[in-house]
*Asks:* 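What follows is a structure written as structure tokens; I'll ask about it next.
Note that the coordinates shown come from a computational prediction; the quantities given were computed from them, not determined experimentally. Every number for a ligand or one of its atoms is a count from 1 in the order of the listing. One-based numbering along the sequence shown.
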Amino acid sequence: MKIRVDPDKCQGHARCYGLAPEIFDVDDYGQASVIVDEVPPELEEKARLAVANCPEYAIEIVSD
Ligand code: SF4
């Protein structure tokens with residue numbers, strides 16, 4: 001599974017980082033980024049949770 005954060009939509013609530021710090025990082029401005037190339041199978045559920053919980057719909061599943 002691959003996911004990405006759309007930097008134009010991300011408003012820096014850091015909810016993704018709070019839910020899954022193994023997958024996301026947030027910079028000093030609150031902008032989130034994905035820190036893994038592929039989401040490992042054991043983290044896919046967390047990734048989907050983050051997608052569902054981003055208030056800006058900024059996290060996209062690129063490939064399942
Ligand atoms: S939850 Fe969404 S808007 Fe908030 S930092 Fe993560 S990607 Fe950005």
*Asks:* Answer yes when Glu56 and Lys9 have at least one side-chain N-carboxylate O distance shorter than 4.0 Å, and no when they do not.
*Replies:* no

*Asks:* So which heavy atom on Leu43 is nearest to which on Ile23, and how close?
*Replies:* O-CD1, 3.7 Å

*Asks:* Looking only at protein heavy atoms, which one is nearest to atom 8 (Fe) of ligand 1, and what is the separation?
*Replies:* Cys10 SG, 2.3 Å

*Asks:* When you measure from atom 3 (S) of ligand 1 to every protein heavy atom, which one gives the shortest distance, and what is it?
*Replies:* Gln11 N, 3.4 Å

*Asks:* Which heavy atom of Cys10 sits nearest a heavy atom of Gln31, and at what distance?
*Replies:* CB-NE2, 3.3 Å

*Asks:* Would a hydrophobic clustering, with Ile, Leu, Val, Met, Phe, Trp and Tyr connected at side-chain separations under 4.5 Å, put Val34 with Val51?
*Replies:* yes

*Asks:* Tell me the protein heavy atom at minimum distance from atom 2 (Fe) of ligand 1, and give that distance in Å.
*Replies:* Cys54 SG, 2.2 Å

*Asks:* May I ask you to list the atoms of ligand 1 that are less than 4.0 angstrom from any heavy atom of Ala14?
*Replies:* 4 (Fe), 5 (S)

*Asks:* Taking atom CD of Glu22 as the centre, does the number of heavy atoms from other residues, nucleotides or ligands within less than 6.0 Å exceed 12?
*Replies:* yes

*Asks:* For the backbone of Lys2 and the side chain of Glu38, can you confirm whether one donor and one acceptor N or O come within less than 3.5 Å of each other?
*Replies:* no

*Asks:* Of all the atoms in ligand 1, which lie at a distance below 4.0 Å from a heavy atom belonging to Glu56?
*Replies:* 3 (S)

*Asks:* Which protein non-hydrogen atom lies closest to atom 4 (Fe) of ligand 1, naming both residue and atom, and how far is it?
*Replies:* His13 N, 3.1 Å

*Asks:* How far is atom 7 (S) of ligand 1 from the closest protein heavy atom, and which atom is that?
*Replies:* Ile59 CG1, 3.7 Å

*Asks:* Nearest protein heavy atom to atom 1 (S) of ligand 1, by residue and atom, and its distance?
*Replies:* Cys16 N, 3.4 Å

